[in-house]
Amino acid sequence: MKAFDTYLLDRAKQDGAHKLESYRKLGGYKGLEKVLKTGLTPAAVIDEVKKSNLRGRGGAGFPTGLKWSFMPDPAKDPRPRYLAINADESEPGTCKDRVLMERDPHGLVEGSLIAAYAIRAQAVYIYVRGEYRLSHDRVRDAILEARAAKLVGKNILGSDFSCEIYMHKGAGAYICGEETGLMESLEGKRGHPRPKPPFPAMSGLWGQPTTVNNVETVFNAPFIIERGGAWLAGIGTKGSSGNFLCGISGHVNKPGVYELPFGVTAKEIIEDKAGGIWKGRKLKAWFPGGSSCALLTGKDVDVVLDHDSLKARGSSLGTAAMIMIDDSTSIARVMEIIARFYDHESCGQCSQCREGTQWLAQIFRRIAHGKGQPDDIDTLDALAKGMAPGKTICALSDAAAIPTLSAVRLFKDELMECVRKQRDPLAVKQPEYAVAGGHH
Amino acid sequence: MALPQDLVREFDELVKNYPEKRAALILALHRCQETMGGWISPDIMEDLAAYFALEPVEVYGVASFYPMFRLRPVGKHVVSICHNISCDLRGAQDVIAQVCKLTGAPLHGTSQDGKWTVATVECAGACANAPMFDLDGVYHEDLDAEKIAKILGAVK
C-alpha cells in the first residue's frame, strides 16, 4: 500500500482526546473559528463542501454539499429548521462511527455546528443508537464542555450564530437508521419510514426543513473548512474523495477500524491492515460495505474501494464495512443469518418487505438445516426480484433482496447441493443450549 | 401508581429540548426501564401515557416496537449476546452456549434464582471486536471462554 496522510483518526489515537482541552491542543475548533471569525457565509461553506466532492459516509454516498443546498432559502422560508445526525450505526459489520464518538466526540460536535451553520439550523439532534452508551455519554459530555466554552448555544464565539445540540437515544431498531424512520423515532413514534416526497429538506422533523447526515460525514467538515475543498478533492479517486473509515470484520487476523484513502484495493486492506485471512485459509466471499451489499467472491479482492469501482463489480461501497468469509464457511449459514436479520428488522409497513423478508428467512433457514425444497433457489430469486429495486417505502426490502440475489447468483451450486443432499456439507456442529419458549 | 417525582422532574426538563413533548417518550421509556426494575410494566406505560397525554396503547405501540424495551420482568443482570454475522463468524454460538451454561438461564429466559437473563441481540456495532456481549449496559468484546468465565464470575 502506498503511503498516505491520515486525518480522521489522528486525534482518536491520542489518549484523552475526548476532552475539550486536548481536542483544542490538537487543533480542534479551528474550522468553526474560521467559519465564524472570517465571515464565511453559509453559501460559501456549502460551496467549499461541494468543491471537496465529499459524499455521505452512512451508506448511500449522496454528495453532502448538494444535500445541504436542498435546504430552502430562509429569506423565503422562515420556518425552524433542523440538522439530525444519524448515529444509529446498525448495518451489520459497521462499527466506525462509534470510534469517532467514543474517542473524538468534539470532532462530531464541531462538524455538526459547521453543518448546522451551512444549512442555518437552530438545533441539532444527535440520534445515537441506544446500545452505544459510551458513545452517547462521551458526546453528551463534549456538548456540555462546548456549551460552557460558548461553542454551543447562543451567539457562538461571539458571532450571531446560535445553535443548540441535543442528544437523543434510539432503542434497538435498525430501521431508525433510515433517515425518515429516524425522524419518526426522534418524534417519539415507531420508526416507520415515510414515503418520499416530501423530502426531508422540505418536510422533515415536525414537518420542518431537515437535513440528516451521518457522523463520519460531518466529521469531515472542519477539515474541509480548514484545509479547503480542493484538498479533500485531491485525495482518493474520481467520484470518491477523501479518506474513509473501513471496518473489517469476520475471518481476518486483525479485524479493526482503519482509516484509508479511497483507491486502495481490497487486497491491500486485507493483507496490509487486517493481517490476511485467518488460519491460513482462503477468502471465499465478502461483503464490501455491510450486509446489505451484494456479496463478492475471493477473486474480487483486486477491486478498488470506492463508489464507482464497487458498482462496476455489481456491489456497492455501503458503509465500507468489509465482512470477510473464509472457504470453510457455509453460504447457506451466512444467508440464514442475514435473512433472519432483515426479517427481524422489517417495520412491516410494506407487504413486499414484511412478507418477503419472512420468506427469505424461512427458506434460507431450511436450506441451511437440510430441509430445502427442489425449487427453493428459484423461489429465492423470484422473491428477491419482487422485493426490489425501489418497490417499497424505504430500502430495507432492497437491503434483504440484494445479498440474496448475489448469493443465488454466485453460490447457486453450493445452495443446490444443500437441497439435493438434504444437508449442508459445510455445516458446523453448533453447541446446544436451552431456549425459553416465546420471547419478546 | 405514579411516576417517581425525580423522574417527572427529569422529564419536565427533557421535553424542553423538543417542539413537541411526545418526542421525549423513547428517552422516558429508557429512564423508566433503567430505574424501575429493568422492564416496562403495564403500569409504567399507563403512567407515561398520562404524562405525555397519549392513549396507553400509543405508549405500548412504541415500547413494543423497540427491541431494547423489555415488556416482561427480567433477572437482576441481563446478558445480551450479539448473534449477527460478524459475531457468528467468530463464535457467537459458543458464547451463547457458555453464557447459558454458566448462568443457568435458557436463551431468552431467566435463571431460576432470578439472577440472570440471557438474550441474543442483532448487530451491536462491535464487529471488529467480535464476539461480544453487553452485560447490564456495558460492552465486553473480543470474548473467549476464559474471558467470559472471568467476567460473569465477577458479577455479584
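In what follows, chains carry the letters A, B, and so on, assigned in the order in which the sequence lines appear, proteins first and then strands, with residues in each chain numbered from 1. What you see below is based on every heavy atom in this structure, not just the backbone, and it leaves out hydrogens, waters and symmetry mates.
- The contact between A/Leu186 and chain B is made by backbone and side chain atoms together, counting heavy-atom distances below 4.5 Å.
- Distance check: A/Tyr433 OH to B/Gln98 CD gives 13.5 Å after rounding to the nearest 0.5 Å.
- Screening A/Val252, A/Ile337, A/Ile323 for a side-chain contact (heavy atoms from CB on, under 4.5 Å) involving B/Leu89 leaves a single residue, A/Ile323.
- Contacts of A/Gln430 with chain B are made by side-chain atoms alone, with heavy-atom separations under 4.5 Å and no backbone atom involved.
- With a 4.5 Å cut-off on non-hydrogen atoms, A/Tyr132 touches chain B through its backbone and its side chain both.
- Heavy-atom contacts from other residues, nucleotides or ligands closer than 6.0 Å to NZ of B/Lys147 number more than 12.
- When B/Ala105, B/Gly109, B/Ala130, B/Pro19 are compared by the number of non-hydrogen pairs under 4.5 Å with chain A, B/Pro19 comes out ahead.
- Using a 4.5 Å cut-off between heavy atoms, B/Tyr139 contacts chain A through its side chain alone, with no backbone atom that close.
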message: Go through it in stages, so that I can follow the logic: the residues are B/Tyr18 and A/Glu187, the test is side-chain contact (heavy atoms from CB on, under 4.5 Å), and I'd like the CA-CA distance, side-chain angles, deciding distance and then a yes or no.
response: CA-CA 9 Å; B/Tyr18 306 91; A/Glu187 292 179 11; over 6 Å; no

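- Considering all non-hydrogen atoms of both residues, B/His108 and A/Ala436 come closest at O-CB, 3.3 Å.
- Using a 4.5 Å heavy-atom cutoff, the side chains of B/Ile85 and A/Pro92 are in contact.
- Side chains of A/Arg340 and B/His83: a donor on one and an acceptor on the other come within 3.5 Å.
- With chain B as partner, the option from A/Glu164, A/Gln208, A/Arg133, A/Lys254 having the largest number of non-hydrogen pairs under 4.5 angstrom is A/Arg133.
- Of the two parts of A/Tyr166, only the side chain, counted from C-beta on, holds a non-hydrogen atom closer than 4.5 Å to a non-hydrogen atom of chain B.
- Considering CE of A/Met324 and OG of B/Ser86, their distance stands at 11.0 Å, rounded to 0.5 Å.
- Atom-to-atom distance recorded for A/Arg190:CZ and B/Ser64:OG is 7.0 Å, nearest 0.5 angstrom.
- The shortest distance between side-chain heavy atoms of A/Arg333 and B/Asp88 falls below 4.5 Å.
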query: Given the rule in the side-chain contact (heavy atoms from CB on, under 4.5 Å) test, do B/Ile26 and A/Lys169 qualify, once you have shown the distances and angles that lead to the verdict?
result: CA-CA 7 Å; B/Ile26 292 168; A/Lys169 257 187 201 184; 5.6 Å; no

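- A salt bridge links A/Arg98 with B/Glu141: the closest approach of a Lys/Arg side-chain nitrogen to an acidic carboxylate oxygen falls below 4.0 angstrom.
- Residue with the most contacts toward chain A among B/Val121, B/Leu29, B/Asn84, B/Leu25: B/Asn84 (heavy-atom pairs, distance under 4.5 Å).
- Atom NZ of A/Lys96 and atom SG of B/Cys127 lie 12.0 Å apart (nearest 0.5 Å).
- Of the residues considered (B/Leu14, B/Asn17, B/Val118, B/Thr110), B/Asn17 shows the highest number of contacts with chain A, using heavy-atom pairs under 4.5 Å.
- Atom CZ of A/Arg365 has 12 or fewer heavy atoms from other residues, nucleotides or ligands within 6.0 Å.
- In terms of non-hydrogen atom pairs under 4.5 Å with chain B, the most contact-rich of A/Ala123, A/Gly250, A/Ala321, A/Cys347 is A/Gly250.
- Residues B/Pro67 and A/Tyr174 have side chains not in contact (no heavy-atom distance under 4.5 Å, counting atoms from C-beta outward).
- Heavy-atom distances place the side chain of A/Ile175, and not its backbone, under 4.5 Å from chain B.
- Taking 4.5 Å as the limit, some side-chain heavy atom of B/Arg90 sits within range of a side-chain heavy atom of A/Pro255.
- Between A/Pro431 and B/Ala97, the closest heavy-atom pair is CB-CB, 3.6 Å.
- From B/Asn129, atom CG reaches atom SG of A/Cys95 across 7.0 Å, with rounding to the nearest 0.5 Å.
- With chain A as partner, the option from B/Gly61, B/Cys87, B/Ala124 having the largest number of non-hydrogen pairs under 4.5 angstrom is B/Ala124.
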task: Show the numbers, then the answer: is there a side-chain contact (heavy atoms from CB on, under 4.5 Å) between A/Trp206 and B/Glu20?
output: CA-CA 8 Å; A/Trp206 302 287; B/Glu20 286 178 14; 3.5 Å; yes

- request: Decide yes or no on side-chain contact (heavy atoms from CB on, under 4.5 Å) for A/Lys189 and B/Phe65, but give the supporting numbers first.
  value: CA-CA 9 Å; A/Lys189 301 168 189 163; B/Phe65 181 84; over 6 Å; no

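- For A/Thr94, the part lying under 4.5 angstrom from a heavy atom of chain B is the backbone only.
- In terms of modelled atom types and a separation under 3.5 Å, the side chain of B/His30 and the main chain of A/Gly130 share no donor-acceptor contact.
- The shortest side-chain heavy-atom distance between A/Ser185 and B/Tyr66 falls under the 4.5 Å cut-off.
- The number of heavy-atom neighbours closer than 6.0 Å to NZ of B/Lys76, taken from other residues, nucleotides and ligands shown, is 12 or below.
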